[in-house]
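Values below: every heavy atom of this structure, side chains too, minus hydrogens, waters and symmetry copies. Naming: A, B, ... by sequence-line order, numbering from 1 per chain.
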Amino acid sequence: MSTGLIFGLTGLGVFVVGLCGALVLVDPLRRVLALKLCSVGAGFMLVVAAWKAPPEAPDPVPHALVITGIVVMISATAVALALIRRLHTLEHEHHD
Amino acid sequence: MIDPLLLFDVILGLAIVSLAVTVLVVRDRFAMIVLVIVFGLMSALAWVRLAAPDVALAEAAIGTGLTGALLLATWRQVRTEPERWPALPRGVMVINMGLCALVLAGLVGAFLATPLGTPGLGVAVADNLADSGVEHPVTAVLLNFRAYDTLMEVVVLLVAVIAVWMIDRGVSQAPQPTLGPELGDLPRGFARLVLPAITVIGAYLLWVGTSAPGGAFQGGAVLAAVGILLLLTQRYQPQPSHRPLARGVFVLGVAGFAAVALLVAGGGRVPFEYPADHAKTLILLIEGLVTLSIAATLAALFHGREPEAISTQGGRS
């Protein structure tokens with residue numbers, strides 16, 4: 001048992017929880033969060049792939065990829081949230 | 001004798017998975033957002049354990065802090081809405097969950113069959129680090145070896161702010177979130193105390209990224225927090241006349257990055273191939289411009305709609 005193995009399984013668990021949420025939930029805000037969980041799970045897998053038993057230094061390339069992924073994810077989240085606000089406004093007008 | 005740190009890892013891993021489940025099943029949406037923030041911080045902690053401090057910083061600052069601020073700002077606007085989305089039919093749910101279980105089984109099988117700790121590209125990065133202009137391998141990968149990826153990442157951020165401004169034009173007027181009068185002078189006093197400190201920390205993270213964990217994205221995120229605090233305490237109120245400046249700052253990162261990448265070409269070099277003597281200066285120049293863009297863009301994403309002339313009483317800040 002090693003740190004890499006433990007957090008690898010954690011990442012897989014988080015990814016599948018997010019995947020399940022994205023498929024099963026219908027509330028848009030929850031779906032966005034489910035996809036966020038998927039992205040963190042995928043990040044876990046890359047960070048684990050880069051990890052080496054100390055004192056060896058980890059592989060920096062997957063780290064850079066995950067940082068890129070985090071920034072892409074906040075961009076996607078911001079657009080999704082704007083769409084949710086717009087949907088809310090449209091439905092509000094519809095009900096009036 | 002079990003290593004206490006491994007025990008810590010197991011507990012942290014279990015906590016992270018349970019938090020992920022709780023986020024999706026908790027009924028209250030405010031609690032859901034708070035739990036996502038806790039989840040993000042726990043993940044950042046796990047990444048520190050995996051010797052990835054850069055990733056942990058980015059996740060804590062961008063993936064958790066700023067994402068949390070965006071989620072809360074949206075929650076505030078749509079909270080009047082009851083969750084009246086019809087649930088999926090039970091059969092569909094069961095099938096979906098069954099398929100997810102299959103995916104999990106397949107992934108676990110693949111993961112356990114994959115050897116951990118293989119050399120990967122770490123050796124190649126270490127061999128060429130001396131030529132990159134910076135001493136920190138992650139920054140070398142981001143700004144030199146895979147700079148094209150990073151340029152595209154800044155483009156994605158730019159596209160996001162353009163999309164949000166366009167979509168939010170149709171959103172009904174909601175007062176911008178502010179730290180209300182019920183808190184008295186506290187928020188402004190707090191802002192006066194911490195704003196200079198956060199600004200210095202953001203600039204320091206940018207600078208230190210050349211030799212230690214840190215860099216443009218982490219620094220930019222911390223500076224975006226300065227912007228959000230300025231907006232919340234109304235020390236800065238976006239005006240329609242500020243739009244051209246804001247647009248300029250949004251584009252600054254992409255334009256500066258692309259200009260440097262193209263201008264270094266020629267004389268036997270390809271684009272993105274910085275001359276070895278000036279590599280550090282050029283990387284810091286790019287990082288500085290990108291940091292400004294990231295900070296302005298993330299703060300604008302929090303603010304949502306673009307500043308426009310509106311005469312309604314107190315309709316916006």
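Between the side chains of T68(A) and D149(B), not a single donor N or O lies within less than 3.5 Å of an accepting N or O.
Between A51(B) and H63(A), the closest heavy-atom pair is O-CE1, 3.4 Å. Nearest heavy atom pair, residue V78(B) against residue R85(A), reads CG1-CA, 4.3 Å. Contact between V16(A) and C100(B) at its shortest, heavy atoms only, is CG1-O, 3.6 Å. L104(B) and L12(A) make their closest contact through CD1-O, 4.0 Å (heavy atoms, listed as atom of the first residue, atom of the second, distance). The minimum heavy-atom distance linking A64(A) with V141(B) is given by the pair CB-CG1, 3.5 Å. Contact between R30(A) and R27(B) at its shortest, heavy atoms only, is NH2-O, 3.0 Å.
Chosen from P115(B), A52(B), A124(B), A140(B), the residue pairing most often with chain A at heavy-atom distances under 4.5 Å is A52(B). Highest contact tally toward chain A, considering only T297(B), I16(B), V161(B), is held by I16(B) [criterion: heavy-atom pairs under 4.5 Å]. With chain B as the partner, the residue from G21(A), G13(A), G41(A), S75(A) showing the most heavy-atom pairs under 4.5 Å is S75(A). Between chain A and the options G215(B), P137(B), A221(B), the largest number of non-hydrogen pairs under 4.5 Å is found for P137(B). Interface summary for chain B: among L9(A), L25(A), L23(A), I67(A), the most heavy-atom pairs under 4.5 angstrom belong to I67(A). In terms of heavy-atom pairs under 4.5 Å with chain A, the best-connected choice from T150(B), V154(B), L107(B), L57(B) is L107(B). In terms of non-hydrogen atom pairs under 4.5 Å with chain B, the most contact-rich of L83(A), L65(A), V40(A) is V40(A).
Taking CG of L71(B) as the reference point, atom CG of L29(A) lies at 6.5 Å (rounded to 0.5 Å). The CG atom of L70(B) sits 6.5 Å away from the CG atom of L81(A) when rounded to the nearest 0.5 Å. The distance from the NE2 atom of H88(A) to the CD atom of Q77(B) is 8.0 Å, given to the nearest 0.5 Å. Between atom OG of residue S39(A) and atom CD of residue E59(B) there is a gap of 7.0 Å, rounded to the nearest 0.5 Å. I74(A) CD1 to I62(B) CD1: the interatomic distance, rounded to the nearest 0.5 Å, is 6.5 Å. Atom NZ of K52(A) sits about 12.5 Å away from atom CG of L50(B), to the nearest 0.5 Å.
Both the backbone and the side chain of V48(A) have a heavy atom closer than 4.5 Å to some heavy atom of chain B. At a 4.5 Å heavy-atom cutoff, F8(B) makes no contact with chain A through either its backbone or its side chain. Proximity to chain A (any heavy atom under 4.5 Å) is restricted, for V36(B), to the side chain, taken from C-beta onward. Both the backbone and the side chain of T3(A) come within contact range of chain B, each with at least one heavy atom under 4.5 Å from a heavy atom of that chain. Heavy atoms of L112(B) lying under 4.5 Å from chain A belong exclusively to its side chain. In this structure, no portion of L46(A) lies under 4.5 Å from any heavy atom of chain B. V125(B) touches chain A through its side chain: at least one heavy atom from C-beta onward sits under 4.5 Å away, while N, CA, C and O do not. Within the 4.5 angstrom heavy-atom criterion, only side-chain atoms of L298(B), from C-beta onward, approach chain A. Interface residue A78(A): backbone and side-chain heavy atoms are both found under 4.5 Å from chain B. Within the 4.5 angstrom heavy-atom criterion, only backbone atoms of V25(B) (N, CA, C, O) approach chain A. Residue R146(B) touches chain A through its side chain alone, counting heavy-atom pairs closer than 4.5 Å. For chain A, the nearby part of A163(B) is the side chain; its heavy atoms alone come within less than 4.5 Å. Only the side chain of F15(A) has a heavy atom closer than 4.5 Å to any heavy atom of chain B.
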Fill in: Verdict with supporting geometry, R49(B) and I6(A), side chain to side chain contact (heavy atoms under 4.5 Å, CB included)
CA-CA 11 Å; R49(B) 282 289 297 144; I6(A) 294 166; over 6 Å; no
Discussion item. Walk me through whether M45(A) and F111(B) qualify under side chain to side chain contact (heavy atoms under 4.5 Å, CB included).
Written reply: CA-CA 9 Å; M45(A) 298 324 293; F111(B) 174 66; 3.6 Å; yes
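In this structure, V61(A) and F145(B) have side chains that are not in contact, with every pair of non-hydrogen atoms separated by 4.5 Å or more. L24(B) places a side-chain heavy atom less than 4.5 Å from the side chain of L37(A). Contact annotation: the side chain of R86(A) never approaches that of D168(B) to less than 4.5 Å [non-hydrogen atoms, C-beta and beyond].
Here the side chain of K36(A) pairs a donor or acceptor atom with the backbone of G63(B) at under 3.5 angstrom.
Aromatic pair W47(B)/F7(A): ring centres not closer than 6.0 Å.
By the 6.0 Å contact criterion, CE on M166(B) is open, its count of non-hydrogen atoms from other residues, nucleotides or ligands being 12 or less.
Considering I70(A), V32(A), L33(A), T77(A) as possible partners of T67(B), the one that fulfils the side-chain contact (heavy atoms from CB on, under 4.5 Å) test is T77(A).
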